[in-house]
Amino acid sequence: MIIATWNINSIRARIDTAVAWVKEANPDVLCLQEIKCETNSFPSTVFEDLGYNVIVHGQKSYNGVAILSKLKPEDVRRGLPGDDAESPARYIEALFPAGSAMVRVASIYLPNGNPVGTEKYTYKLAWMDRLTLHARGLLALEEPLVLAGDYNVIPAALDAKFPENWVTDALFLPETRARYRIMQNLGLTDAVRAIMPDKPGIYSFWDYQAGAWQRNNGLRIDHLLLSPQAADRLKTARIDAHVRGWERPSDHVPVAIDIAE
DNA sequence: ATGACATATGAGATATGA
């Protein structure tokens, strides 16, 4: 079962690109972030025509998350516990039952947090604390669980081309990385690093500016965290970096795993 | 130090992003 995550940076501006990758990779579940549209404006029929179920948690202009899936979603949750009606749309989760191969998947768009020293950074840290609390509850279910998305976290120096440029940034500060590590210490496995523990130069984001893609000046900030029951089934993980070279690309690329059914 | 790019909104310029 292929499960992927992709910050699409506007689904309406990127619909052809999204369809092209879906046809190429044929994922069973695709978590999208930064769809940048309201729930009712999501181009659901395009994907339904390709055989996908579509669930969306959108908002006007910014943020917004969705999950495309071949299996019918159940137990859908929109928003993280603690969200209110005005909270940005950054979390959607569903259960995909397939006999013994059932899996619960969340699409996560974690706040960026810059600039540090403002309420944006404290909001990011608080959001990570809320996510951790929710993850604890999900882990207690002892199910295959995949928390996939744009974490806006550079977990280690290995995950940036120039880590020294990020030491005071919200993506790489010790307080940020500590919270990501706390999630791992709960028993969640970073799928890409489980498959490629020490491999340098594997990134999921390249800035649009200053020729970042051409110089491979990237960051690995899109992650799939797996419960033990999912990690036991992990077969492969990959980052589809070639998509960054397509016309009018998102600044992020899809990250995909294959778990045994 | 600044801007470089890109998108949404809405019709020019600003907010957001990482």
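Each chain gets a letter, A, B and so on, in the order its sequence line appears, and its residues count up from 1.
- Taking atom P on both B/dT14 and B/dA4, the two are 14 Å apart, rounded to the nearest angstrom.
- Across the P atoms, B/dA1 and B/dT16 are found 23 Å apart, a figure rounded to whole Å.
- Dashed line: the shortest gap from a side-chain N or O of A/Arg244 to OP1 or OP2 of B/dC5 is not under 4.0 Å.
- Using atom P as the reference point in both B/dA11 and B/dA6, the two lie 24 Å apart (nearest Å).
- Closest approach of A/Asp251 and A/Tyr208 over heavy atoms only: N-OH, 3.1 Å.
- Using a 4.5 Å cut-off on side-chain heavy atoms (C-beta onward), A/Thr118 and A/Val116 make no contact.
- Among residues two or more places apart in sequence or in another chain, the side-chain contact (heavy atoms from CB on, under 4.5 Å) test is passed with A/Asp258 by A/Ile2, A/Lys235, A/Thr236.
- Comparing A/Lys60 and A/Ala210 by the nucleotide of DNA chain B that holds the closest heavy atom to each, the one mapping nearer the 5' end is A/Ala210.
- Using atom P as the reference point in both B/dG10 and B/dA15, the two lie 14 Å apart (nearest Å).
- Going from the P atom of B/dG3 to that of B/dA13 covers 16 Å, rounded to whole Å.
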Checklist line | Contact state string [nucleotides 12-18 of chain B, B base, S sugar-phosphate only, - no protein heavy atom under 4.0 Å] | finding: ---BSSB

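- The side chain of A/Arg12 places no N or O atom within less than 4.0 Å of a non-bridging phosphate oxygen (OP1 or OP2) of B/dT7.
- Contact between the side-chain N/O atoms of A/Arg14 and the OP1/OP2 oxygens of B/dT7 is found at a separation under 4.0 Å.
- Side chains of A/Pro228 and A/Leu139 form a contact here, defined as non-hydrogen atoms less than 4.5 Å apart.
- Nearest heavy-atom pair across A/Ile35 and A/Ile8 is CA-CG2, 4.2 Å.
- Rounded to an integer number of Å, the gap from CD1 of A/Ile11 to P of B/dA8 is 11 Å.
- Residues A/Asp83 and A/Arg130 are paired through a salt bridge, judged by an N-O separation under 4.0 Å between the basic side chain and the carboxylate.
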